[in-house]
Every structure is written in structure tokens, then in C-alpha cells.
Amino acid sequence: MCQNTTQSFSGFFFVRKAKGYYFLMSTVGNPANIFWHENPVGKAEREKLLNQQGCVVWITGLSGSGKSTLACSLGRELQSRGKLSYVLDGDNLRHGLNKNLGFSPESRTENIRRTGEVANLFADAGLICIASLISPYRKDRDACRALLPDKKFL
Ligand SMILES: Nc1ncnc2c1ncn2[C@@H]1O[C@H](COP(=O)(O)OS(=O)(=O)O)[C@@H](OP(=O)(O)O)[C@H]1O
Ligand SMILES: Nc1ncnc2c1ncn2[C@@H]1O[C@H](COP(=O)(O)OP(=O)(O)O)[C@@H](O)[C@H]1O
């Protein structure tokens, strides 16, 4: 439980805020209360600013097959051509975002799902996102591909 959280009871818990105030929070989620907030600055505007189109380049392959090397070379080449890119490397992500995941089939699927979501956000930001993970299951890669429009996931 979070440091500022008191014990929960009957689906509620208190969060202590500054100056001794407490907030009553519900532990019960209602998906109907979660709305999408449209950003007034759209993808097209961001892409215009960057003079490029956001997309995801997904590199898959066995450990030691050269994914990271290829991802870094591509990132360097894009940089030299004035294109903004960012590499999401499986090894690196497992130091932070995905540090709580192991290597079971379920964990690998969750690893790819999270990475696909982040890659989609980078592409939406207008970047060329280079994802380099073993990603052994086609169904997981296809799910990531399905997040983006045609030809924006390579
Ligand atoms: N079974 C097992 N046990 C221990 N360590 C392992 C295992 N499988 C992979 N690795 C190492 O984890 C690195 C990242 O793997 P990924 O996140 O790309 O794997 S996956 O896409 O979730 O399948 C991966 O990096 P790369 O070697 O660059 O592919 C490995 O260093
Ligand atoms: N095209 C290549 N030819 C020869 N060796 C390579 C090539 N690409 C990568 N390597 C070497 O293979 C090893 C594994 O490469 P790496 O990019 O770390 O693979 P991965 O990210 O798939 O685990 C490294 O020592 C790297 O220098």
C-alpha cells in the first residue's frame, strides 16, 4: 500500500494530503467513467513541426541475432538525415517499464503489449520509433501492428 494511504475498508481508502487533509478514494473501478481526452494539438501538427511522419519499425529475432545493433544503426542513420527517432530496446525496457516481467509466455506477451502501446504513443508524437525485442509470438506482434494505421507499422 502507498505510504500516504491508510487502511482500506469496504471498497474505500483514505489518502493523506498536505496540511492534514484526507481524500476518500474508491477501490472500485467503473470503465464508464473513463473518457478519452482529445488533445487540441493533433498528430498532423506535430508531424508538420518535425517535418516527418510518425511510425513504428519493429525488429524481431532471437537473442544475439543483431536486433540492437540494427536498431542503433538505423537510429544513427535517421539522426544524420535530420529525422527524430527513438529506440525501444527490450533489454533497456526490462530495467524500468517492464522490470516486473519475466520470460514466461504470459510475461513476454505483456512485455510486447506494453511496448506496443508505448511505440504507438511515440509514433503519435511524430517520432520514428524503432522497437527491438525478441517478440517471439506473431499474435503479439500483430496486436501491436493493429494499433497503428496501415503502413505505419513496419
Ligand atoms: N529466458 C531468458 N532468461 C534470461 N534472459 C533472457 C531470456 N530471454 C531473453 N533474455 C534477455 O532479455 C533481453 C530482452 O528480451 P525481450 O524483452 O526482447 O524478450 S521478449 O520480447 O519478451 O521475448 C534479451 O535481449 P537480447 O539478447 O538483446 O534479445 C536477453 O538478453
Ligand atoms: N551483421 C552482423 N554481423 C556480425 N555480427 C553482428 C552483426 N550484427 C550484430 N552482430 C554482433 O552480434 C552480437 C549480438 O548483437 P546484438 O545486436 O546485441 O543482438 P540482439 O540485440 O539481437 O541480442 C554482438 O556482438 C554484435 O556485435
Side-chain angles (χ1 to χ4, degrees), residues 1-5 7-8 11 13 15 25-154:
M1 194 175 282
C2 158
Q3 219 176 9
N4 288 328
T5 304
Q7 203 169 357
S8 66
F13 62 92
V15 178
M25 309 280 287
S26 171
T27 59
V28 182
N30 179 0
N33 289 340
I34 299 170
F35 300 103
W36 183 268
H37 291 273
E38 211 56 60
N39 183 339
V41 181
K43 184 181 182 195
E45 277 186 83
R46 290 188 287 275
E47 291 184 333
K48 192 172 171 198
L49 188 73
L50 294 168
N51 190 29
Q52 63 183 48
Q53 291 189 19
C55 69
V56 174
V57 179
W58 193 281
I59 302 171
T60 177
L62 293 175
S63 183
S65 61
K67 301 183 298 298
S68 303
T69 307
L70 182 58
C72 290
S73 299
L74 178 57
R76 171 55 60 199
E77 181 63 27
L78 287 166
Q79 182 80 13
S80 73
R81 295 184 187 202
K83 300 297 175 190
L84 186 61
S85 70
Y86 194 86
V87 174
L88 294 177
D89 188 275
D91 264 319
N92 296 355
L93 293 174
R94 283 176 179 275
H95 281 87
L97 178 68
N98 297 330
K99 73 192 299 183
N100 63 330
L101 299 177
F103 294 95
S104 67
E106 296 76 21
S107 289
R108 287 180 194 264
T109 291
E110 176 60 11
N111 186 30
I112 301 313
R113 187 193 70 78
R114 287 185 200 172
T115 307
E117 291 287 349
V118 173
N120 183 30
L121 291 176
F122 273 108
D124 189 55
L127 276 69
I128 299 165
C129 181
I130 306 162
S132 154
L133 298 95
I134 297 175
S135 43
Y137 306 118
R138 181 183 294 271
K139 66 172 175 45
D140 297 338
R141 299 195 301 272
D142 284 347
C144 295
R145 182 188 298 276
L147 296 173
L148 286 114
D150 269 359
K151 297 182 184 161
K152 295 293 178 192
F153 184 103
L154 312 170

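The first residue in the sequence is number 1, and the count goes up from there. In this text the structure is predicted, and so the values were computed from the model without any measurement. Excluded from the calculations below are hydrogen atoms, water molecules and symmetry mates; all remaining heavy atoms, backbone and side chain alike, are included.
Smallest separation of non-hydrogen atoms from E45 and V41: OE2-CA, 3.7 Å. Closest non-hydrogen pair, R141 versus I112, comes out as N-CG2, 4.5 Å. A pairwise comparison of heavy atoms in L78 and S85 identifies CD1-CB, 3.8 Å as the closest pair. Across L97 and N100, no two heavy atoms sit closer than the pair O-OD1, 4.1 Å. Counting all heavy atoms, side chain and backbone alike, L50 lies closest to A125 at CD1-O, 3.7 Å. Heavy-atom minimum distance, S132 versus A71: CB-CB, 3.9 Å.
Applying the salt bridge (Lys or Arg N to Asp or Glu O under 4.0 Å) test to residues at least two apart or on different chains, none of the pairs has a partner in residues 84-102.
Residues V118 and T115 are not in side-chain contact: their nearest non-hydrogen atoms beyond the backbone lie 4.5 Å or more apart. For the pair K83/E77, no side-chain contact is recorded, criterion being any heavy-atom separation below 4.5 Å from C-beta on. Here the side chains of D124 and R46 are in contact, with some heavy-atom distance below 4.5 Å. Residues I128 and L84 form no side-chain contact, since every pair of their non-hydrogen atoms from C-beta on lies 4.5 Å or further apart. Under the 4.5 Å side-chain criterion, counting only non-hydrogen atoms from C-beta, F153 is not in contact with V57.
The distance from atom OG of S104 to atom CD of E110, rounded to the nearest 0.5 Å, is 10.5 Å. In this structure, I59 CD1 and K67 NZ are separated by 9.0 Å, a value rounded to the nearest 0.5 Å. We find the CG-SG distance between N120 and C55 to be 11.5 Å, quoted to the nearest 0.5 Å. Separation of atoms CG (D140) and CG (L133) is listed at 11.0 Å; rounding is to 0.5 Å. Rounding to the nearest 0.5 Å places CG of L127 at 6.5 Å from CZ of F122. Distance CD1/I130 to CH2/W58: 13.0 Å, rounded to 0.5 Å.
No donor-acceptor distance shorter than 3.5 angstrom exists from the side chain of Q52 to the backbone of E47, with no hydrogens or angles considered. The backbone N or O of I134 lies less than 3.5 Å from a partner atom in the side chain of T60, making a donor-acceptor pair.
Heavy atoms from other residues, nucleotides or ligands lying under 6.0 Å from NZ of K43 number more than 12.
In this structure, Y137 has no ring-ring contact (aromatic ring centres under 6.0 Å, His included) partners at least two apart in sequence or on a different chain.
Between R114 and E117 there is no salt bridge, since none of the side-chain N atoms of the basic residue sits less than 4.0 Å from a carboxylate O of the acidic one.
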